[in-house]
There are 2 protein chains.
Amino acid sequence: MEDIIAKLREHGIGLTPQRIAVAQVVLRDRSHWSADEVWQLVQQRLPTVSRATVYNNLNLFVAKHLLKEQILQGGHVVFDSCVEPHHHFLDEQTGQIHDVPWEAVRVETHDALGDFEVRDYQVIMRGRRRNH
Amino acid sequence: MEDIIAKLREHGIGLTPQRIAVAQVVLRDRSHWSADEVWQLVQQRLPTVSRATVYNNLNLFVAKHLLKEQILQGGHVVFDSCVEPHHHFLDEQTGQIHDVPWEAVRVETHDALGDFEVRDYQVIMRGRRRNH
DNA sequence: ATCTCAAATTATACTATATCTAAATTTAAA
DNA sequence: TTTAAATTTAGATATAGTATAATTTGAGAT
Ligand SMILES: [Mn+2]
Ligand SMILES: [Mn+2]
Ligand SMILES: [Zn+2]
Ligand SMILES: [Zn+2]
């Protein structure tokens, strides 16, 4: 709670009850929520919050690099609380998104990329999670 | 022209002028068109074709494995005429999508993927294309 | 503590993408 | 040629997100 408010201040972001509630949903743990999921979760604490405010704040957090937008499946945007480079595994059965640590995968480009100056990349894997 | 019709027949797909026109746009060359881009291109030959028909046929071609849906940037779906495994490079300046041959990139999983049974993956790269 | 105004929130309208419906048309097989 | 199934179509509906403009509020200055 206090550290989330501190993080907002550090990034020069003004405080409002709505904004704090959005931050508490989306910055607390590792997560990949959609905008409307965030809205529903925020409504549990602030029943009158508007959808536009949730979008405004999610977009603000992306601009301030506290969140990263990811489009991983079905054209649905999710907001990734981990802004460091990492890969993703999509469970095709459950629809769940799992983070895959950067170090868990090595990508080597076998020449042929001549003209492509890569500034950023990620591996997107699909499959099933065994057990569980 | 003839080989596109042959390909539709091979896959047990009935023929209509609208369907053939969509196929000619989307199955002729390597491409990553959006649905509305396809609609505009088809309208040049068949000015009265409806948007629903374009969507119906693109979705049919995906179901029949003649196309693959890709969501690569901005939440915009595109229809990939290459259904074989390959990677993608997104030019952040121009917005263009480039195919990267499967052999041009090697991906090694450095253990740690224990529970994840990967059935499919791709590398999505972003950056600038040098020259051009 | 009060004043002030830039910033934020809100309801609403609007855009874009995609699917659904049900009637009319067309394809292709009998 | 007849017929049934498949396809197309306009329009309605659904969903995700942005734009607008009036209202409210946070927080620094007095
Ligand atoms: Mn966005
Ligand atoms: Mn689709
Ligand atoms: Zn992630
Ligand atoms: Zn491709």
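First the proteins, then the strands, lettered A, B, ... as listed; each starts at 1. What you see below is based on every heavy atom in this structure, not just the backbone, and it leaves out hydrogens, waters and symmetry mates.
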Note to self: B:Glu117 vs A:Arg130, test: salt bridge (charged side-chain N to carboxylate O under 4.0 Å, His left out). Steps then yes/no.
What the structure shows: CA-CA 7 Å; B:Glu117 188 174 306; A:Arg130 276 193 296 262; 3.3 Å; yes
Notebook entry, point to check: Across the strands shown, which category fits A:Thr48 at heavy-atom distances under 4.0 angstrom: base, sugar-phosphate, nothing?
Noted result: sugar-phosphate
Next item on the list: Rounded to the nearest angstrom, tell me the gap between atom CD1 in B:Ile71 and atom C1' in D:dA16.
Entry: 14 Å
Notebook entry, point to check: Looking only at side-chain N and O atoms, does B:Asn57 come under 4.0 Å of OP1 or OP2 in D:dT8?
Noted result: yes
Check: Taking atom P of C:dA28 as reference, at what distance in whole Å does atom CD1 of B:Ile5 sit?
Finding: 10 Å
Notebook entry, point to check: How many Å lie between CH2 on A:Trp39 and C1' on C:dA11, as a whole number?
Noted result: 11 Å
Note to self: Can you see if the side chain of B:Asn59 gets near the phosphate of C:dT19 - specifically, an N or O under 4.0 Å from OP1 or OP2?
What the structure shows: yes
Notebook entry, point to check: Once you round it to whole Å, what is the distance between P of C:dA7 and NZ of A:Lys64?
Noted result: 11 Å
Check: Side chain of B:Pro17: nearest nucleotide among C:dT27, C:dT17, C:dA18?
Finding: C:dT27
Next item on the list: Could you state the atom-to-atom distance from CG of A:Leu58 to P of D:dG17 in whole Å?
Entry: 10 Å
Check: So which one's nearest nucleotide on DNA chain D is more toward 5', A:Tyr55 or B:Gln18?
Finding: B:Gln18
Next item on the list: Please report, rounded to the nearest Å, how far the C1' atom of C:dT26 is from the CG atom of B:Asn56.
Entry: 15 Å
Next item on the list: Specify the separation, in whole Å, of atom NE2 of B:His76 and atom C1' of C:dA18.
Entry: 13 Å
Item checked: Side-chain heavy-atom pair B:Phe61, B:Val22 within 4.5 angstrom cut-off -> yes
Check: B:Ser50 side chain: which of C:dT10, C:dA18, D:dT9 is closest?
Finding: D:dT9
Next item on the list: Could you tell me whether the phosphate oxygens of C:dT10, OP1 or OP2, come under 4.0 Å of any side-chain nitrogen or oxygen in A:Thr53?
Entry: yes
Checklist line | Side-chain donor or acceptor of A:Asp91 paired with backbone N/O of A:Arg129 under 3.5 Å | finding: yes
Checklist line | Between P of C:dA7 and CG of A:Leu8, the distance in whole Å | finding: 17 Å
Notebook entry, point to check: If you look at every strand shown and take non-hydrogen atoms under 4.0 Å, does A:Thr16 touch a base, only sugar-phosphate, or nothing?
Noted result: sugar-phosphate
Margin query: When you compare the side chain of A:Gln73 with that of B:Ile71, does any pair of heavy atoms fall below 4.5 Å?
Written below: no
Margin query: What contact category does A:Asp36 fall into here, base, sugar-phosphate, or nothing, at under 4.0 angstrom with non-hydrogen atoms?
Written below: sugar-phosphate
Notebook entry, point to check: Should the pair A:His32 and A:His88 be assigned to parallel (<30°), tilted (30 to 60°) or perpendicular (>60°) ring geometry?
Noted result: perpendicular
Next item on the list: With DNA chain C as reference, determine whether A:Ile13 or B:Arg51 sits nearer its 5' end, using the nearest nucleotide of each.
Entry: A:Ile13
Notebook entry, point to check: DNA chain D: B:Leu15 or A:Leu15, which has the more 5' nearest nucleotide?
Noted result: B:Leu15
Check: Is any side-chain N or O of A:Arg19 under 3.5 Å from a base N or O of C:dA8, one able to act as donor and the other as acceptor?
Finding: no
